[in-house]
**Student:** 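Can you read through this structure? Questions will come right after.
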Amino acid sequence: MVTLGARDVPGLRRFYRALGWAELPGSDDGRVGFLLAGVLLVLRPAAKTDGATGGTMLTCTVTGPRQVDSACVAAVAAGATVLAEPADHPEGGRSACVADPEGNRWEIAWAPLARWRTEGGQAPPAAPAAPAPDEPHRASAELLHHHGASDEVVAAHLVAAGGNGPGWAVETLLCAARTARREGRPEQAVDFLRRALAEPLPPARRGGVLTELGSLEVTLGPADRALGVRHLAESVRLEQSDVSVFKAANALGTALAARGQTSVALEVMEELAERFTGHPELAWAVQVAAALIASHDGHSWLETVDRLRRLAATTPARPAPAVRVLLAEFDSTSGRLSAAEAAAVAREVTVEPLDPFSRTYVLASAATLAQWADELALADRLVTEGLTGHRGPLVDPGYQSLLSVHAESLVMRGRYRELLEACHGWGVLIGPPARPAPSGVGNAHLVAQAVIALTETGCAAEARRLADSIAVDGSHGSWEWNEFLYARGLLSLAEGDPAGALDDLSECGRGQSARQVTSPVVTPWRSAAADCQLLLGRPAAAVALATEELAAARRWGTPRCVGRALRALGTATGGRAGLATVEQAVALLRTAGTDPELIAALAAHGRLLAAAGHLTAARGALREAARHAERIGAGRWCAAVAALLAAAGARRATASQTGAPALTGSERRICALAAQGHSNPEIAALLHLALRTVETHLTNSFRKLGVRRRTELAGRLAAEPAVPDR
């Protein structure tokens, strides 16, 4: 075993993976193992070894002189630096020397048997010729399999061995791939699935592997995504069952649409629809899947909805539940349905028997309607049912819609920390801890909800970094992109940039209008834009926007939508009339059960009361807003309301119960060390405290800061500067 102390373990790990070396199962960025025939290479952080790098010469022997050159070329392609070009030696043999990205030196050497020299100049005894590199791995795989080793351990040797394996190899590789995917190692799952394709497989089985592989690849980097699309296309062409072809084509269409190739994706679905003309359930499922794929492009979306209406009108039988609920979604956003009517459709379609092909779509659309109608318990139940029962690819548009409903439902209720925790699992927020496969990668709507949650919890800098990481790409023009523009507009408004916020919010409005979306239930951009106009000194424009939103909100009819619009209108109007309007908003929002809108209304109420000279009443409204904001961890509102309270003449609170200001001096010091990566025992030693004391302080600090992971501490502490100890 050779151990290298690395300054950047993840970077060095990528280098050796790029060489094609087999990484041992269980490796992570704290300790990585690579099996190299008879040698185990281990990477660990330099701080956990002696801290030295580059002082060890390691030798990799090859079986012929020409392999020295090819191995050197491969190393350079992976990122190595040549220290000594390949050269022959007078005493026989050939070698080269390269350095990996951290300066560790590798000699690539070949010499005739018994010509290696030690430091003392003595040749070692002759040894038998080394076996081909894959033979030890193949033998190890056989031995480990028969001795009951885990599928992943055996599969790692099969990957390293290459070629065809024994009869049990396929099942071992597939089981190992599913385990790796479930445990948050999608890249390793991809390695196992690619190796499985090297085995002889019947067309149907090969198609299933290609679908599973392609669905994973399209969630990874650009090169993998391109390969994933090709694998999915190959799967569609294979002779499989109708259901298998449907799954593959659905995943392919979604992947193409996400890359901005919506028209190509719809062509795939049209060809599929022709194949299923004699299978009504599958034919309807294809139409609905095509509609969800078409939502990536506004024009295609409107055409698809129009086609579904014509099909529903000309079909003798009642349209399938998936079609009815999808059309109800469109009618809800375009102002044709009320919340009560939409909720009735959601209940109606979910009590009917659902075919297995469109089940996920029906549950996703019904959950969407229930969430919009503020029937959150029903939405939660449908999302849980859909996610737990889903058996198709993660890129399935119905599955992605379920994730979106869940995320938006959490934001509506102000459960920001819970959402951010989920976003780590979905791959929207990337952190050092191990996480599940990135099921939400590429979903701009999930990013939008994460941006809102970070903004509201006072982590504006992190929200901006996340927002700036999103490219227009293939999502431009989709409903997800409009949601992202809305979220980015809210972020700019929180940052004190109403002009920049107005640009994004207005663009969101134009995008929604192009899709015939008029209801504020999706993106209430007019209320936020009214706030921007007021800050920019244009109250008339603010009143016009808020009035327009209030009319649409009343057609929908939920307290949340109407209350939010009343708050915006009252704030824009000001004076006695504005105060009365905001009072209506507060009364209505107290019945809605969604704290974020109530906090905004209470803050507006307090501000207008103070402006009217009713300071005692103003402080009462603002203190109520502060209690709600602290309870849900809305750091942005905590700060804003504190400033309003001070302006209204309130005494400064003697102590804050949440956020960085609530930390004691000891808690702040311990959190700072934990944020730097120190373990609890290390912190105890540095501060001369008992380990139990450190653990207690961290538990209290996590509660006050509203975090669950040590990796969240740095961002939370930076977002809320500490105050001096009292």
Side-chain angles (χ1 to χ4, degrees), residues 413-414 416 455-458 460 490 493-496 498 527-528 530-532 534-535 539 542 546 559-560 562-663 703-706 719-726:
R413 287 179 271 198
Y416 303 125
T455 301
E456 294 304 311
T457 52
L490 295 183
L493 187 57
E495 291 174 326
S527 289
D531 294 337
C532 295
L534 194 61
L535 289 170
R560 180 171 59 91
V562 176
R564 178 176 52 220
L566 284 170
R567 192 276 310 159
L569 179 58
T571 303
T573 303
R576 185 177 299 177
L579 181 57
T581 302
V582 171
E583 284 174 350
Q584 293 180 49
V586 170
L588 198 57
L589 288 167
R590 281 200 175 106
T591 70
T594 51
D595 287 316
E597 303 297 348
L598 177 58
I599 293 168
L602 286 167
H605 191 207
R607 187 187 302 111
L608 290 174
L609 283 168
H614 307 304
L615 296 181
T616 301
R619 291 193 290 268
L622 293 171
R623 286 191 177 109
E624 183 183 352
R627 287 195 298 272
H628 286 295
E630 283 203 1
R631 181 169 51 79
I632 67 174
R636 180 177 77 87
W637 278 113
C638 286
V641 171
L644 290 172
L645 276 167
R651 293 180 182 177
R652 183 178 177 184
T654 57
S656 176
Q657 299 301 310
T658 62
L663 299 179
R703 175 182 55 78
K704 291 177 181 180
L705 294 173
E720 295 187 62
V723 296
D725 289 339
R726 300 178 183 87

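Quick note: numbers below take in every heavy atom, side chains included, and nothing from hydrogens, waters or symmetry partners. Note that the coordinates shown come from a computational prediction; the quantities given were computed from them, not determined experimentally.
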**Student:** If I compare all heavy atoms of Ala603 with all of Leu644, which pair ends up nearest, and what's the gap?
**Tutor:** O-CD1, 4.1 Å
**Student:** Ala542 and Ala530: which non-hydrogen atoms are nearest, and at how many Å?
**Tutor:** CB-O, 3.3 Å
**Student:** What do the steps show when you test Leu645 against Arg623 for side chain to side chain contact (heavy atoms under 4.5 Å, CB included), and what is the final call?
**Tutor:** CA-CA 8 Å; Leu645 276 167; Arg623 286 191 177 109; 3.9 Å; yes
**Student:** Does any non-hydrogen side-chain atom of Pro596 lie less than 4.5 Å from one of Tyr416?
**Tutor:** yes
**Student:** Is there side-chain contact between His605 and Leu579, with heavy atoms separated by less than 4.5 Å?
**Tutor:** yes
**Student:** Using 0.5 Å steps for rounding, measure from the CH2 atom of Trp637 to the OG1 atom of Thr457.
**Tutor:** 14.5 Å
**Student:** Yes or no on side chain to side chain contact (heavy atoms under 4.5 Å, CB included) for Ile632 and Ile599, after CA distance, side-chain angles and deciding distance?
**Tutor:** CA-CA 10 Å; Ile632 67 174; Ile599 293 168; 3.7 Å; yes
**Student:** Looking at every heavy atom in both Ala528 and Leu490, which two are closest together, and how far apart are they?
**Tutor:** CB-CD2, 3.8 Å
**Student:** Just how far is it from atom NE2 of His628 to atom SG of Cys638, taken to the nearest 0.5 Å?
**Tutor:** 12.0 Å
**Student:** Check this for me: does any side-chain nitrogen of one of Glu495 and Arg636 sit under 4.0 Å from a carboxylate oxygen of the other?
**Tutor:** no
**Student:** When rounded to the nearest 0.5 angstrom, what is the spacing between CD in Glu597 and CG in Leu588?
**Tutor:** 11.0 Å
**Student:** Which atom pair, heavy atoms only, marks the closest approach of Ala587 to Thr591?
**Tutor:** O-CG2, 3.7 Å
**Student:** So among Val562, Asp595, Leu598, which one has a side-chain contact (heavy atoms from CB on, under 4.5 Å) with Leu589?
**Tutor:** Leu598
**Student:** With the side chain counted from C-beta on, respond yes when His614 and Arg619 share a heavy-atom pair under 4.5 Å apart, and no when they do not.
**Tutor:** no
**Student:** Could you report the tightest heavy-atom contact between Leu493 and Cys532, atom names first, then the distance?
**Tutor:** CD1-SG, 3.7 Å
**Student:** Evaluate the side-chain proximity of Thr571 to Thr581: yes if any heavy-atom separation is below 4.5 Å, no if none is.
**Tutor:** no
**Student:** Could you check whether Asp531 pairs with Arg567 (Lys NZ or Arg NE/NH1/NH2 to Asp/Glu carboxylate O, under 4.0 Å)?
**Tutor:** yes
**Student:** Going by the side-chain contact (heavy atoms from CB on, under 4.5 Å) test, name the single residue among Val582, Val641, Val586 that passes it with Leu602.
**Tutor:** Val586
**Student:** I'd like to know whether Leu609 forms a side chain to side chain contact (heavy atoms under 4.5 Å, CB included) with Leu615, so could you lay out the CA-CA distance, the side-chain angles of the two residues, the decisive distance to 0.1 Å, and finally the verdict.
**Tutor:** CA-CA 7 Å; Leu609 283 168; Leu615 296 181; over 6 Å; no
**Student:** How close do Ala610 and Ala618 get, heavy atom to heavy atom, and via which atoms?
**Tutor:** N-CB, 3.6 Å
